[in-house]
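The block underneath contains the structure these notes are about, expressed in structure tokens.
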Amino acid sequence: MPELPEVESIKNGLRPLVAGRRITAVEVFRAGAVKSLPVEDFCRGLAGNRILGVERRGKFLIFPLDDRRYLIAHLRMTGVLLWDGGDVPYVSARFHLEGGHVLVFQDRRGLGKLWLVEGPDTVVGGLGPEPLQPEFSPEALRERLKKRSAPIKALLLDQHFLAGLGNMYADEVLFRARVHPLKRARDLSPAETARLHRAVREVLSRGIALKGASVDTYRLPDGGKGSAHSAFQVAHRRGLPCPVCSTPIERISLRGRGAYFCPKCQNRLLDIPL
DNA sequence: CCCGGAACCTGAAGGC
DNA sequence: TGCCTTCAGGTTCCGG
């Protein structure tokens, strides 16, 4: 599933391909994917426009255009952006670019979204801090956590609290920080909060270095896979031994999705130093 | 404002 | 063989 490391890797792959290139035509095959405008206006507004670059905010891809508007894409769970992708199923939209190239928005479950807007903030304005930027500091994290009673994992997944983490990387972050996913945010010790901050940075940086995790449909724009999933220690590993203590990894349900953790290393009541 | 659950969506995988 | 359930999860909406 595309989370911050996957979207960052897609951004890095797309930038040299699309930057400076003009859009010649746009076809939309799943009308529900277009959010900001009627589909006709969306296509007409993009045709003839030049893509100036590619940016990322949280899990959103942002393409500044030369008419000062912005094309924004969110891949949700199964969205893929394929450069010169040929005859593939589940195509939500095709962006034809000068030079005969085509950027294919493929999306098996069809939950991905597209916007054409005057400014990016109308779409991404409510997002929390970027975890790899200085604005995400240990002090700011501690201050915000101590007012909240929700399970820590629910907060890590809340894009208004922190932008970019999804289910898989949240599990990896909590394991690395040795924090139980159900522990209430305000109950984290200063040491746990410090470990959590560091773990967010380390897990996401490693995910980017490995070009994302190719579970399910995730692919880079050239069709290649990332390898971050091979570094996962608890995510999707129910019953397998914890890499630290060999206790079988458990799965519980939290907010309708799986939370994988080591019941020994991530004790809900005890603060176990690394 | 805060929290938790359902809905959206399409498969793969496993049990019986 | 075929049917049913569970799992996969990013975001938004709704009720308490």
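Convention: sequence-line order gives letters A, B, ...; per-chain numbering from 1. Only a predicted model underlies this, so the values are computations on that prediction, with no experimental measurement involved.
Every residue two or more places apart in sequence or in another chain was checked for a ring pair (Phe, Tyr, Trp, His ring centres under 6.0 Å) with A:Phe175, and none qualifies. A:His74 is linked by a ring pair (Phe, Tyr, Trp, His ring centres under 6.0 Å) to A:Phe60, counting only residues two or more places apart in sequence or in another chain. In this structure A:Arg198 satisfies the side-chain contact (heavy atoms from CB on, under 4.5 Å) test together with A:Glu202, sequence neighbours excluded. Listed by chain and residue number, A:Arg56, A:Arg57 satisfy the side chain to side chain donor-acceptor pair (under 3.5 Å) test with A:Glu130 (two or more places apart in sequence, or in another chain).
As a whole-Å value, the separation of A:Arg238 CZ from C:dT6 P is 12 Å. Distance A:Leu61 CG to C:dG10 P: 15 Å, rounded to the nearest Å. A:Leu75 has its CG atom 15 Å from the C1' atom of B:dC9, to the nearest Å. In this structure, A:Asp107 places its CG atom 13 Å from C1' of C:dT11, rounding to the nearest Å. In this structure, CE of A:Met1 is placed 13 Å from P of B:dA12, rounded to the nearest angstrom. Atom C1' of nucleotide C:dT6 and atom CZ of A:Arg251 are separated by 8 Å, given to the nearest angstrom. Separating the CG atom of A:Asp158 from the P atom of B:dC1 is a distance of 13 Å, rounded to the nearest angstrom. Rounded to an integer number of Å, the gap from A:Leu156 CG to B:dC3 P is 13 Å.
The heavy-atom pair separating A:Pro64 from A:Tyr70 by the smallest distance is CA-CD2, 3.6 Å.
Checking each of A:Lys183, A:Arg142, A:Arg178 against A:Glu192 for a side-chain hydrogen bond (donor to acceptor under 3.5 Å, both in side chains) leaves exactly one that passes, namely A:Lys183. Residue A:His96 forms a side-chain hydrogen bond (donor to acceptor under 3.5 Å, both in side chains) with just one option from A:His101, A:Glu27, A:Arg22, and that option is A:Glu27.
In this structure, A:Lys264 places its NZ atom where only 12 or fewer heavy-atom neighbours from other residues, nucleotides or ligands lie under 6.0 Å away.
Residue pairs meeting the side-chain hydrogen bond (donor to acceptor under 3.5 Å, both in side chains) criterion with at least one member in residues 44-53 of chain A, sequence neighbours excluded: A:Asp41-A:Arg44, A:Asn49-A:Asp67, A:Arg50-A:Glu98. Contacts classified as ring pair (Phe, Tyr, Trp, His ring centres under 6.0 Å) and involving residues 135-155 of chain A (residues at least two apart or in different chains) are given here: A:Phe136-A:His197.
No engagement by A:Lys113 is indicated, since no non-hydrogen atom pair under 4.0 Å with the nucleic acid exists.
Here A:Glu55 pairs with A:Arg15 in a salt bridge; the nearest charged N to carboxylate O distance falls below 4.0 Å. Between A:Glu6 and A:Lys59 no salt bridge is recorded (no basic side-chain N to carboxylate O distance below 4.0 Å).
The other members of the hydrophobic cluster of A:Phe29, by chain and number, are A:Val80, A:Leu82, A:Val88, A:Val91, A:Val102, A:Val104 (side-chain heavy atoms under 4.5 Å, ILVMFWY only).
Taking a 4.0 Å limit (strictly below) on heavy-atom distances, residues 139-154 of chain A does not reach DNA chain C anywhere. Using a 4.0 Å cutoff on non-hydrogen atoms, the parts of residues 159-180 of chain A near DNA chain C are A:Gln159, A:Gly166, A:Asn167, A:Met168, ordered by number. For DNA chain C, none of the residues of residues 4-14 of chain A falls under the heavy-atom distance limit of 4.0 Å.
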Please tabulate, for the side chains in residues 157-168 of chain A, all donor-acceptor contacts under 3.5 angstrom to protein atoms that are two or more places apart in sequence or on a different chain.
| from | atom 1 | to | atom 2 | distance (Å) |
| --- | --- | --- | --- | --- |
| A:Asp158 | OD1 | A:His160 | N | 2.9 |
| A:Gln159 | OE1 | A:Gly164 | N | 2.9 |
| A:Gln159 | NE2 | A:Leu157 | O | 3.1 |
| A:Gln159 | NE2 | A:Leu165 | O | 2.9 |
| A:His160 | ND1 | A:Gly126 | O | 3.0 |
| A:Asn167 | OD1 | A:Lys153 | NZ | 2.6 |
| A:Asn167 | ND2 | A:Gly258 | O | 2.9 |

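When each of A:His74 and A:Gly258 is assigned the nucleotide of DNA chain C with its nearest heavy atom, A:Gly258 is the one assigned upstream, toward the 5' end. The nearest heavy atom of DNA chain B to A:Leu254 and to A:Gly110 marks one nucleotide each, and the one closer to the 5' end goes with A:Leu254.
The side chain of A:Arg109 lies closest to B:dC9, out of B:dG4, C:dT11, B:dC9. Listed nucleotides B:dG4, C:dG10, C:dT11 differ in distance to A:Phe60; the shortest reach to its side chain belongs to C:dT11.
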Could you list all N or O pairs between the protein and nucleotides 6-8 of chain B that sit under 3.5 Å apart?
none

